[in-house]
Amino acid sequence: MKLSKILSAVTAFVLTFGSVSAVNTEKAVKVNALPADGVKYEFEDGAFDNCKAESWTKIDECASGNSADISDWSGTGFANITEKGSSVTVTVEVEEDGLYEVLIRYCQCFDMNKKVQYLNVNGVNQGEVSFPYGEKFEEMSAGYVPLKAGKNEIQIKGYWGYTMFDYLVVKDADPSVSKLDPERKLSNPNANDTTKRLFSYLCDIYGKNILSGQQEYCGSHSYNLNANPDLGYIVDNELEFEYILEETGEMPAVRGIDFLNYSSADDMWDDNAAERTAEWVNKFGGIATVTYHWSVPSDPDETGRQNRFFYVESASASYTTFSISKALEEGTWENEILMADIEFLASKLQLLEDADVPVLWRPLHEAEGAWFWWGAEGPENCKKLYRLLYDQLTNVYGLDNLIWVWTGYTFPTSPQWYPGDEYVDIVGYDKYNAVDGMPNLSSISSTFYNLVASTDGNKMVTMSENDSIPSLDNLLEDKAGWLWFCPWYNNYLTSQQINPVDELVKIYQSEYCITLDELPDIRKYPINLSDGVSSEDPDVTTPPTTTDKPSEKVVYGDLNKDSKVDLSDLTMLSLCLLGDTKTTSYIEEVADVNGDGSFNIADLSHLKQYISKDPVVLGPQ
């Protein structure tokens with residue numbers, strides 16, 4: 001285990017300032033001062049590649065079949081992008097490094113849905129921007145980007161063209177976006193202790209480290225033919241995990257599992273996904289994220305597994321016509337299927353709660369894409385289903401081991417799909433942007449900060465699925481604080497055109513990336529949430545309260561009171577120094593492991609030596 005990774009964040013702060021009281025716990029990207037309305041730059045003054053400036057005042061026929069008056073552009077005209085790969089680049093200037101918001105005035109009257117273009121900053125892709133239909137020039141936010149002091153190049157590059165661009169504005173980012181200080185509160189107030197401990201850990205590392213993750217091979221495959229309770233359930237089809245171990249010498253901290261086989265169908269094939277989830281957490285010591293490709297029938301007489309699908313007709317030849325709106329109506333056959341599936345799903349999640357396994361639970365993902373039935377009939381029906389599922393699993397079936405992850409997008413319409421803060425714990429984004437046979441190692445920081453802004457910074461943001469893992473250099477340079485990454489299985493991980501092995505090795509072996517062997521014992525991790533600390537199990541460690549008194553016999557180094565001095569105490573000491581865990585009189589006494597009468601970075605180094613089996617003594621000599 002690389003103990004230095006646990007110390008990296010605190011060391012950087014404390015060595016700089018020299019004492020605990022001077023530790024700067026601010027996790028924000030610096031926000032700078034521009035005029036309140038920002039600074040405007042005209043696109044027609046930019047640099048063009050395979051496109052040009054125009055000065056039309058009218059579109060003879062737009063997507064609605066009518067003409068459009070576009071005469072109200074500013075300056076001398078606008079940039080017109082029509083082809084994939086064409087671009088316009090504007091040079092902007094700021095005084096200091098920091099995070100800035102980019103506003104774009106555009107007109108897109110050619111597609112009744114939307115057009116999507118790439119946003120690049122200083123030659124690095126920061127994500128995609130969606131431009132909804134409109135028959136006049138309108139201003140909208142294109143997101144948040146990190147800029148360097150001096151000149152910077154902001155480029156719009158055609159992906160799905162036919163959009164006209166009038167100007168862009170660069171302005172200060174709202175402080176809530178850059179702070180990365182999420183609300184330390186779970187949506188379920190009755191979440192059990194282990195779930196609270198996992199959530200506390202995620203809050204503590206957010207913006208400081210990224211968790212490595214990997215989706216297991218799933219689907220209608222010959223999975224786990226050799227599995228049984230004696231051998232275990234993680235025994236075959238481990239190609240992705242074996243590949244990572246062989247190439248990097250490490251294992252991912254997070255395992256992605258899909259409950260796609262689970263349903264109320266009589267011929268449902270149980271691939272032991274729930275058992276693998278429990279084994280990954282309880283035997284391997286990992287973290288589990290579970291998604292659900294929810295398959296449903298098209299007809300009440302075709303309810304078996306072989307006749308169930310999750311795609312809609314426009315997305316796949318194997319599709320369902322199941323109606324989400326009808327499924328939300330009591331008395332319909334669709335509703336009977338829906339409620340029966342939820343009951344079965346609850347039984348599998350109950351298996352995990354009984355095994356004391358917390359789950360990063362990610363249902364109804366990618367809904368706004370509308371390729372799954374749960375997103376095919378608009379945001380209101382999808383939100384109703386999500387809230388129904390939340391209510392059933394949380395309140396009816398009493399599951400208290402779920403951390404709810406909503407996977408959304410950054411389109412102007414995305415807020416309409418969000419179920420609400422009271423039903424969501426973490427916001428996820430599924431990134432698939434490797435194109436033309438080349439990896440895309442961008443951190444897509446604009447997308448990250450857009451998602452942060454979507455909840456006013458209240459929710460942590462994660463890369464819940466991806467093709468290319470963002471490069472370590474881009475993640476650090478752009479300060480894109482994704483909570484974890486999780487490549488999809490098979491070729492999405494192993495292809496050099498998607499994930500170059502040298503970049504895979506670099507991030508897995510970095511101090512920034514947390515791997516399986518570097519996870520703490522979650523069941524001993526201190527709870528540090530805004531709704532307080534609770535534990536009915538005396539054998540489970542909880543952080544001491546401010547009324548705790550030092551025991552008569554002080555065990556120096558035993559910060560968490562488990563009668564042992566080990567890595568969990570070192571972690572807790574690091575968090576206390578960072579300010580992420582409150583100190584008490586008890587902690588201040590037992591943390592003075594070098595016996596110099598004070599509580600500081602020297603104690604951290606001394607405790608590390610002790611845990612590393614160096615010949616040192618804890619406490620006053």
Side-chain angles (χ1 to χ4, degrees), residues 62-64 68 81 101-119 126-145 156 158-166 168 174 177 311-312 314-315 323-325 328 362-387 404-424 426-433 444 446-459 461-465:
C62 57
S64 66
I81 289 182
E101 184 177 13
V102 175
L103 306 177
I104 292 179
R105 190 168 190 256
Y106 78 99
C107 178
Q108 189 283 104
C109 59
F110 304 105
D111 189 302
M112 296 298 291
N113 186 16
K114 62 179 177 288
K115 293 290 189 183
V116 181
Q117 319 298 349
Y118 293 119
L119 175 65
Q126 298 299 327
E128 301 167 356
V129 183
S130 172
F131 296 95
Y133 180 79
E135 297 183 6
K136 61 180 181 179
F137 280 103
E138 300 176 86
E139 189 175 278
M140 60 166 266
S141 175
Y144 301 83
V145 297
I156 301 295
Y159 171 55
W160 189 9
Y162 287 92
T163 308
M164 296 168 283
F165 298 98
D166 186 11
L168 67 79
D174 187 278
V177 177
Y311 282 120
V312 297
S314 60
S323 169
I324 179 175
S325 57
L328 292 167
R362 196 168 69 93
L364 308 188
H365 65 297
E366 301 176 9
E368 194 174 354
W371 41 78
F372 299 132
W373 64 266
W374 52 85
E377 296 180 51
E380 293 306 314
N381 284 309
C382 182
K383 286 189 292 187
K384 287 179 182 178
L385 177 58
Y386 185 98
R387 293 166 183 170
W404 288 74
V405 183
W406 168 254
T407 307
Y409 291 95
T410 58
F411 303 141
T413 51
S414 295
Q416 300 172 27
W417 292 79
Y418 185 60
D421 282 357
E422 63 270 38
Y423 304 101
V424 174
I426 296 172
V427 172
Y429 180 80
D430 290 356
K431 179 195 86 75
Y432 291 94
N433 62 355
I444 55 171
S446 176
T447 301
F448 172 78
Y449 283 109
N450 281 355
L451 292 166
V452 173
S454 71
T455 66
D456 297 323
N458 289 328
K459 304 297 180 182
V461 173
T462 194
M463 190 172 287
S464 41
E465 287 180 26

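Between A315 and Y311, the shortest heavy-atom contact is CB-CD2, 3.8 Å. Of all heavy-atom pairs between S446 and L119, the closest is OG-CD2, 3.7 Å. For the residue pair W406 and A367, the shortest heavy atom distance occurs at CH2-CB, 4.1 Å. The two residues V312 and A376 come nearest to each other via the heavy atoms CG1-CB, 3.7 Å. In terms of heavy atoms, A63 sits closest to Y133 at CB-CE1, 3.6 Å. Closest of all the heavy-atom pairs between E465 and D430 is N-OD1, 3.2 Å.
Taking CZ of R387 as the reference point, atom CG of L328 lies at 12.0 Å (rounded to 0.5 Å). For the atom pair OG1 of T410 and OH of Y144, the computed distance is 12.0 Å after rounding to the nearest 0.5 Å. For the atom pair L168 CG and I156 CD1, the distance stands at 7.5 Å (nearest 0.5 Å). Distance check, rounded to the nearest 0.5 Å: CZ of F137 to SG of C109 gives 8.5 Å. Rounded to the nearest 0.5 Å, atoms NZ (K384) and OG (S325) are 9.0 Å apart. Rounding to the nearest 0.5 Å gives a distance of 6.0 Å between NZ of K431 and CD1 of I444.
With sequence neighbours excluded, no residue forms a side chain to side chain donor-acceptor pair (under 3.5 Å) with W160.
One N or O on the side chain of K383 and one on the backbone of Q416 form a donor-acceptor pair closer than 3.5 Å. Looking at Q108, its side chain does come within 3.5 Å of a backbone N or O of F110 through a donor-acceptor pair. Put simply, the side chain of T407 never gets that close to the backbone of G428: no donor and acceptor are under 3.5 Å apart. Put simply, the side chain of K459 gets close to the backbone of V424: a donor and an acceptor are under 3.5 Å apart. Looking only at distances, a side-chain donor or acceptor of Y106 sits under 3.5 Å from a matching main-chain atom of P132. Here the side chain of Y386 pairs a donor or acceptor atom with the backbone of Y423 at under 3.5 angstrom. No side-chain donor-acceptor contact under 3.5 Å links N381 to the backbone of G378. S464 contributes a side-chain N or O that, together with a main-chain N or O of Y429, makes up a donor-acceptor pair within less than 3.5 Å.
No more than 12 heavy atoms of other residues, nucleotides or ligands sit less than 6.0 Å from atom OH of Y159. A 6.0 Å sphere centred on OH of Y162 holds no more than 12 heavy atoms belonging to other residues, nucleotides or ligands. Residue K114 places its NZ atom among more than 12 non-hydrogen atoms of other residues, nucleotides or ligands, all under 6.0 Å distant.
A 4.5 Å side-chain heavy-atom check between Y409 and W417 finds every atom pair outside the cut-off. W373 places a side-chain heavy atom less than 4.5 Å from the side chain of L385. When side chains are defined from C-beta on, E101 does not count as touching Y449, because their heavy atoms never get closer than 4.5 Å. By the 4.5 Å heavy-atom criterion applied to side chains, S130 and P412 are counted as neighbours.
In this pair, F372 and H365 present their aromatic rings tilted. The plane angle is within the 30 to 60° band.
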Which is it for I426 and V405 under the side chain to side chain contact (heavy atoms under 4.5 Å, CB included) test, yes or no, and what are the steps along the way? CA-CA 5 Å; I426 296 172; V405 183; 4.1 Å; yes
